[in-house]
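Proteins get letters first, then strands, A, B, ... in listed order; numbering begins at 1 in each.
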Protein chains: 2
Amino acid sequence: MKDVDFVISGGIVVTMDEKDSILPSGAVAIDGPDIAAVGNAESIALEFKGRRVIDARGSLVMPGLVNGHTHAAMTCFRGIADDMDLMDWLSNYIFPAETRNVDPELAYWGSLLACAEMILSGTTTFCDMYIFEDETAQAARQAGMRCLLGEVLFDFPSPNFKTPGEGLRYTEMLIKKWADDPLVNIVVEPHALYTCSPSLLKDAKALADAYGVPVATHFLENMTEPGLLKEKLGQRATDFLRDIGYLNERFFVFHGVYMDDEDIRIFADHGCKVVHNPESNMKLASGVAPVSRMIEAGIVVGLGTDGCASNNNLDMFQEMDTAAKLEKSVRLDPTIMPARTVLRMATCDGAKVLGLENIVGSIRPGMKADLVMINLDKPHLTPMYSEYSPLVYAANGADVDTVFINGRLVMENRMLLTIDVREAMERVRRIAERVKRSMKL
Amino acid sequence: MKDVDFVISGGIVVTMDEKDSILPSGAVAIDGPDIAAVGNAESIALEFKGRRVIDARGSLVMPGLVNGHTHAAMTCFRGIADDMDLMDWLSNYIFPAETRNVDPELAYWGSLLACAEMILSGTTTFCDMYIFEDETAQAARQAGMRCLLGEVLFDFPSPNFKTPGEGLRYTEMLIKKWADDPLVNIVVEPHALYTCSPSLLKDAKALADAYGVPVATHFLENMTEPGLLKEKLGQRATDFLRDIGYLNERFFVFHGVYMDDEDIRIFADHGCKVVHNPESNMKLASGVAPVSRMIEAGIVVGLGTDGCASNNNLDMFQEMDTAAKLEKSVRLDPTIMPARTVLRMATCDGAKVLGLENIVGSIRPGMKADLVMINLDKPHLTPMYSEYSPLVYAANGADVDTVFINGRLVMENRMLLTIDVREAMERVRRIAERVKRSMKL
């Protein structure tokens, strides 16, 4: 009989392991940050004694969701402008609002509020790109959330740096500062090929290689982007990235809406990965990413919400539902993007995109204990004929009751245990007042 | 000082009236089933004394949502089969599951569970088509929900009738039985043009006219339907409906995915209405309805979830979000289907489709008191720069706290007051066991 910190016992355990194992009355033993064992409730009870036993009967236990693309602090700009032409939205609302308002205070409280929202809707890992990412890292640390994050890099000045060189040095500081952190991981993030000079892109790659961290960027998000880039670079964007050495398994992109068959083939050949952002792509009318073709070609695809100005929430359950339905709808094929595929995008495959596949994304012994419990005792989850379908097509984030990250209980019965959510909301409301004044809204 | 039953005081009141009035600190006085007055909190307090005063500070008060297309009892088949070819899904799962299992017990408990789910997510009125609709009416009555419902009519036998004639007589019974009911309204509902003979369609219309009730049907839902109907009817489906006298302001259709510009023009000319079902159309890969063209042409368009086998929930907040984003996405225009338009589809315009526009759909004196309160004190609804955007793009059904229907409190602080939800879930779980056995699942 081995003593462990927690035994979660009696729930339906959806492991998302290689065999798609689902345990109808399962249990998970958690010791320190690790999953010590997974099995049926009776056999786990014979082997493990939890210092705390959590009764999961009537619940479903699954891996915490991986939100592959966020701009967490943009919760402060949630709904500041909607239903607008992209250039109007960016030039007249988002960019000026950012220039006038983004500072370490906004970055910290906006990110902490995002962490609250993400935990409340079952996300345990997020991949972030924004400004003052050290503040986002601190917010994630306060929340007890796992993350992969990077300072956004581009040619023009940001509220955090005057030159691209400063941005790179700030990124290097992040890499060093958070090197040994159990939760915070760093990625080098040039914003996009149209906002970064070739030399910045090369420097970013060199920095990533020097420290062995991944690189990620926005890629072919809009209809005009392939043409603009071809003109700017004198070659196709994907060929350019290949020529400057970007394309390997430690490179991933956000959106990829206008990746054509050739781009997809090259990405698949090089092991590059993609984060799909259906709701943001829909809201901004960017187009529909060829996500089923990517998966068919062998690209590992994750799922992300994008920032709150273009979604406008961080609910990965809604994102899964939309990811499945959008692809069926535009390809006129109800069999593609089945629930299991979409759930993998939001768990094990999402973890693989971020290079965290040996740490999170499935419930297996030796993995970190990032997992969520769903209360199934709800009208909209009744009856249940199978497990994946209700999670993708019927559930929403508010069905998540309890969340563990790195073996730590961060939410129990919808009470956040690491974040003073009243304070976070109050701080962001005050920041929003400042934003409104700055924009004369 | 007038005594009234309730004063809801201090919330943001989103009225959805003709002027789009929004009261930042408003109040609603409710007397019996009626909205007695709407105004700012201070002036209402001077004029009305509530036998009960509900503090709505920190909440948003809005009209209850109108779900324009449901098959309520199909909650019993939620997720029974997904991600399949339409004909495989229908022929091998839905139809046999229905034939073997639909009876008054399934119809009642499935509908009652649907009512629970709908109230919990802010819907106060639904338009239903299914089998044994008298049971659905009784469930709605038990739940205290408003509805417009009709027995599904087609040429072949149903679990409830052997011949179309019996189906029509059952419908007539419904019309007479519920004639004076304050909540239950009846509509004559031939299933679709491809499942009903011209003579059944004509008889259905004659019955509706005899009693002055509306007619509704599934229409041009699938890609093959226009061609099949042209072959069957010898003319375009819309022309056929016009020739047999269907087209007036008391006729509305579900889906309308393959309505072309000519169909849209004829519908607009005749005042016919449409219920848009984006999530179901997406999940079944039916195609994308030309909903912005319909609205532009002057057709009043409502919004509906369809049944739980093809969605798989009844959450109108998610449906609004999807309706806005899908249309932007496929038309490549972020400015179409703005939040206000979509919210109208789910409230005042939805009520108009059902012919209930003088009863529900907006908060105005003299309307029935069907309204919901949203708790705004949530991370994903923070901050708030405007009112329509968070409702459409950030909220979900679980944000609804309190619901009034016909002046009666049916949910308070997420406690259902009219439905024993444990019993409803337990009954439906037992029915699902029977369904599984019948299908050898």
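Here the straight-line distance linking atom NE2 of B:H380 with atom CE of A:M118 works out to 14.5 Å at 0.5 Å rounding. Once rounded to the nearest 0.5 Å, the distance linking NZ of B:K378 with CD of A:E117 reads 11.5 Å.
No side-chain donor from either of A:T335 and B:D83 sits under 3.5 Å from a side-chain acceptor of the other.
With a threshold of 4.5 angstrom between heavy atoms, B:E279 approaches chain A through its backbone and through its side chain. At a 4.5 Å heavy-atom cutoff, the contact between A:L376 and chain B is made by backbone atoms alone. Only the side chain of B:L120 comes within contact range of chain A, with at least one heavy atom under 4.5 Å from a heavy atom of that chain. Heavy atoms closer than 4.5 Å to chain A are found in both the backbone and the side chain of B:D377. Of the atoms belonging to B:S121, not a single heavy atom falls under 4.5 Å from chain A. Both the backbone and the side chain of B:M425 come within less than 4.5 Å of a heavy atom in chain A. Using a 4.5 Å cut-off between heavy atoms, B:L86 contacts chain A through its backbone alone, with no side-chain atom that close. Both the backbone and the side chain of B:N311 come within contact range of chain A, each with at least one heavy atom under 4.5 Å from a heavy atom of that chain. When heavy atoms are compared at a cutoff of 4.5 Å, B:I419 does not approach chain A at all. Interface remark: B:R422 contributes side-chain atoms only to the contact with chain A (heavy atom separation under 4.5 Å). When heavy atoms are compared at a cutoff of 4.5 Å, B:A324 does not approach chain A at all.
Note: A:P338 leads A:P338, A:A81, A:P278 in heavy-atom pairs under 4.5 Å with chain B. Residue with the most contacts toward chain A among B:Y388, B:F77, B:Y385: B:Y385 (heavy-atom pairs, distance under 4.5 Å). Taking B:A424, B:A398, B:C76 one by one and counting their heavy-atom pairs under 4.5 Å with chain A, the maximum is reached by B:C76. Your options are B:T382, B:N312, B:D333, and the one with the most heavy-atom pairs under 4.5 Å with chain A is B:T382. The candidate from B:K325, B:M84, B:M223 with the greatest count of non-hydrogen atom pairs under 4.5 Å with chain A is B:K325. Counting heavy-atom pairs closer than 4.5 Å to chain A, the top residue among B:L381, B:L441, B:V435, B:D88 is B:V435. Counting heavy-atom pairs under 4.5 Å between each of B:V421, B:I431, B:D315, B:V428 and chain A puts B:V428 at the top. Counting heavy-atom pairs closer than 4.5 Å to chain B, the top residue among A:L314, A:V330, A:D321 is A:D321.
Across all their heavy atoms, B:G79 and A:S389 have their closest contact at CA-OG, 3.8 Å. Residues B:P334 and A:K283 come closest through the heavy atom pair CB-O, 3.7 Å.
Using a distance-only test at 3.5 Å, with no hydrogens or angles considered, no donor-acceptor pair links the side chain of B:R78 to the main chain of A:M384.
Between B:K328 and A:D82 there is no salt bridge, since no side-chain nitrogen of the basic residue lies less than 4.0 Å from a carboxylate oxygen of the acidic one.
In the displayed structure, A:R57 atom CZ is contacted under 6.0 Å by at most 12 heavy atoms of other residues, nucleotides or ligands.
Annotation: side chain of B:S329 is not in contact with side chain of A:N281 (no heavy-atom distance under 4.5 Å).
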